[in-house]
Structure formats: structure tokens, C-alpha cells
Amino acid sequence: MPRYVPGARGSAERLPPIKLSSNENPYPPLPSVAQAIGAQGQLAHLYPDMFAVELHERIGAFLGLPAASVAVGGGSVAALQHVLQAYAGPGDEVIFAWRSFEAYPILTQITGATPVQVPLGQDGRHDLDAMAGAITDATRVIVLCSPNNPTGPALRSAEVEAFLARVPSRVLVGLDEAYVEFVRDPDVVDGRAALDRHRNLLIARTFSKAYGLAGLRVGYVAGDPELIAPVRSCVTPFSVSAPAQAAAIASLDAQDELLERVELVVAERERVVPALAELGWDVPEPQGNFVWLAAGERTAQIAGALADLEPAVLVRPFAGEGMRVSIGTPEQNDALLAALGSIR
Ligand SMILES: *Cc1c(COP(=O)(O)O)cnc(C)c1O
């Protein structure tokens with residue numbers, strides 16, 4: 001089993017690091033959301049609503065779907081795990097792009113199924129042609145990641161439609177849209193709209209990134225109720241805590257305010273990419289809250305040099321390939337650019 005490598009953290013002896021290693025939202029919860037979380041402290045001796053009824057309804061309403069179309073989990077990683085548990089097992093194949101989100105091989109192997117990793121094509125993009133070509137009689141699930149973690153580009157609607165036309169209806173396709181709120185390219189696939197056209201499609205979304213609730217663990221998958229029912233059967237009972245349920249609901253109430261913050265991150269992304277280009281980095285088109293620096297053989301060396309600075313600049317290196325760097329506050333991004341300039 002591959003190990004999940006979390007983004008680097010700081011240590012007690014040093015200045016607080018500039019943590020750009022986990023694609024977290026750089027802004028703390030809104031006061032209204034923090035208050036909803038705090039109120040749950042008084043009720044911590046009680047189990048949460050096991051079926052998270054209100055949260056399912058609120059997410060359903062947000063998506064324009066019935067509550068039965070939604071299955072929440074302790075982060076969308078957990079929701080995706082429940083999808084794979086429901087639909088794949090020993091002897092089955094699960095196709096996904098590689099390099100992509102490092103949880104996919106782990107979640108696949110937990111079910112006993114065989115991961116089929118299809119190398120990315122040009123510019124850190126999925127090679128959907130090769131992925132369609134990898135389908136066999138044993139294929140049960142295909143996971144698409146848009147925007148792709150860690151390389152950044154998102155899938156376009158037309159290419160996804162052409163791909164889905166080649167996927168047999170007995171194969172489940174999971175579209176992981178963890179960063180959908182940061183997408184600004186109008187040609188990028190909208191998983192919610194695609195659900196209406198494809199009954200074998202599920203989308204996965206999270207409150208961890210745009211909504212800034214990574215520490216609370218809440219995400220979901222959505223699709224046809226018939227597809228979702230077996231997923232719900234696999235959910236660990238009570239896995240979304242009461243504070244997480246309350247925070248997610250308060251966040252849906254505060255949509256507009258939260259999306260203003262997303263806008264700040266997107267504006268920073270648009271500022272950082274040309275600045276990186278000036279430093280000589282050719283960044284694949286980022287549609288999430290992170291950029292990919294293809295440092296190749298020098299990845300570990302550069303990430304090490306950034307971590308040795310005071311304060312440390314923490315990124316997520318993939319040795320021999322490149323590093324994923326989250327977009328932070330303007331100050332954090334300035335520090336990143338200065339650091340990259342200094343170790344040029
Ligand atoms: C961050 C991320 C998730 C979701 O993480 P959770 O915190 O478990 O909701 C899912 N998929 C990708 C590609 C991610 O980068």
C-alpha cells in the first residue's frame with residue numbers, strides 16, 4: 001500500500017512556517033461559521049444526527065437535487081472511499097490518471113480492487129483517450145480529477161462528454177471536483193450539469209478547500225439516488241461530527257461571503273502565475289487553489305531549500321517530478337516568490 005504523505009507542518013523551535021503544502025484555505029472560518037461550531041461544544045456529549053438529515057437536504061437544495069442524491073462523509077476522501085467500497089472489490093479494476101490525487105491508489109487497494117493508473121498527457125492534463133482505451137471487462141469505476149491535484153488543469157466539458165460516450169453504462173465514473181469553486185475557465189466541465197445527462201456519473205465535492213473547513217472533515221458525493229443508496233450503506237455511522245454538520249450548513253448560509261474569499265485566492269493565482277513565469281517556471285494552467293512547479297530531478301533539493309528558510313516555506317514535493325504549491329494570502333505568496341527568486 002502506498003502511504004499518504006500529508007503536507008509538511010511546522011515545528012515548535014522555529015517561526016511559524018508559510019504553509020503552502022496542503023491546499024488549505026488561507027483564511028480562517030467566518031465568524032458566523034465559527035459560532036455555529038462553538039455552539040456544538042455544549043452538546044458534545046450527544047451523538048450527531050446519524051443520517052445528517054438536514055445537511056443532506058441543504059446540500060441537495062444547493063445542487064437542485066433530492067436529499068437522496070447525496071451521501072456525506074468525513075471529508076470527500078471518505079465519501080470517495082465509500083463509493084469504492086460500494087462498487088469495487090477483488091478482481092475489479094479502478095482507472096484513474098497518474099499523477100493525480102494520492103488518495104486514489106490507497107482507497108482502491110483498501111477495497112481489494114486493482115488500480116489502473118493512466119499517465120497524464122501533455123501539460124499535466126488527463127489523457128482521456130488513453131483512459132477510455134484502458135477500460136476492460138473488469139473495469140468497475142473510473143475516477144476523474146478536475147482540476148487535477150497536483151498538476152492544476154481542469155477537464156473541459158466537451159472532452160468529458162466525448163469520454164463518457166465511450167464509457168459503458170455499467171462502469172461508474174466519479175468526477176472529483178474538490179476545487180470546482182476556484183475554476184474560472186467557462187469551458188470546464190460542470191459536474192452538476194453533467195449529472196443530468198449521465199446516470200452512471202457521481203460527483204465528489206468538499207467543504208475543505210473553498211469553504212475552509214479542512215479541519216472539520218466534511219464532504220459529499222452526489223448523483224442518481226439509485227447509485228447513491230449503496231454508497232450510503234457503506235458510510236461509517238456518525239462519521240460526520242455535529243460541529244462539522246453545523247459548520248457545513250452555516251457555510252451554505254454564508255455562500256456569498258465565502259465565495260468572496262475564493263475570489264481573493266483566484267485573483268492571487270492570476271497574479272502569481274505570471275510572476276512564476278518571470279522566474280522561469282512554466283506552470284500548467286491552474287484552475288484550483290494551487291500551482292505545479294515541474295522541478296523534475298531538482299524537486300527535493302528545491303523543496304528542502306524552501307523548508308530551510310526562516311520562516312520555512314512549505315510546499316508539497318513529489319520527488320523526481322515536481323512540487324505542488326498552494327495559493328495563500330498575498331503576503332504568503334510574496335514570500336514564496338521571494339524565496340523562489342533567492343534560491344533560483
Ligand atoms: C483535498 C482533496 C479532496 C478532499 O479532501 P477532504 O478534505 O477529504 O474533503 C478530494 N479530492 C482531491 C483531489 C483533493 O485535493
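Atoms within each ligand, like the ligands themselves, are counted from 1 in listed order.
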Worksheet item: Under 4.5 Å between any side-chain heavy atoms of F290 and Y179, yes or no?
Response: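 F290 reaches Y179 side chain to side chain.
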Fill in: Heavy-atom check, side chain of R140 versus side chain of E93, under 4.5 Å
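No, every pair of side-chain atoms sits at 4.5 Å or beyond.
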What residue and heavy atom of the protein are closest to [atom], and at what distance?
| atom | value |
| --- | --- |
| atom 11 (N) of ligand 1 | D176 OD2, 2.6 Å |
| atom 7 (O) of ligand 1 | S208 OG, 2.6 Å |
| atom 2 (C) of ligand 1 | K209 NZ, 2.4 Å |
| atom 15 (O) of ligand 1 | Y179 OH, 2.6 Å |
| atom 5 (O) of ligand 1 | V77 CG2, 3.7 Å |
| atom 4 (C) of ligand 1 | S76 OG, 3.0 Å |
| atom 8 (O) of ligand 1 | R217 NH2, 2.6 Å |

Practice prompt. Compare every heavy atom of R3 with every heavy atom of I106, then report the nearest pair and how far apart it is.
Written response: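 For I106 and R3, the tightest heavy-atom pair comes out as CD1-C, 3.9 Å.
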Practice prompt. From the options L216, L80, T206, N289, select the one whose nearest heavy atom is closest to atom 9 (O) of ligand 1.
Written response: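 Result: the heavy atom closest to atom 9 (O) of ligand 1 is in T206.
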Proximal ligand 1 atoms for [X], defined as those under 4.0 Å from one of its heavy atoms:
| X | answer |
| --- | --- |
| G75 | 6 (P), 8 (O), 9 (O) |
| A178 | 2 (C), 3 (C), 10 (C), 11 (N), 12 (C), 14 (C) |
| N149 | 13 (C), 14 (C), 15 (O) |

[atom1] of [X] to [atom2] of [Y]: how many Å apart, nearest 0.5 Å?
| X | Y | atom1 | atom2 | value |
| --- | --- | --- | --- | --- |
| E263 | E268 | CD | CD | 12.0 Å |
| Q81 | T236 | CD | OG1 | 7.5 Å |
| R199 | L172 | CZ | CG | 12.0 Å |

Worksheet item: Relative to F318, does R316 satisfy both conditions: NZ or CZ under 6.0 angstrom from the six-membered ring centre, and within 45 degrees of the ring's axis?
Response: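 Pair R316/F318 counts as cation-pi.
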Worksheet item: Where's the contact between C145 and ligand 1, heavy-atom distance under 4.0 Å: side chain, backbone, both or neither?
Response: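 C145 to ligand 1: side-chain contact only, backbone stays beyond 4.0 Å.
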Discussion item. Checking N148 against S100: is there a side-chain donor and acceptor pair closer than 3.5 Å?
Written reply: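 Yes, side-chain donor-acceptor contact under 3.5 Å.
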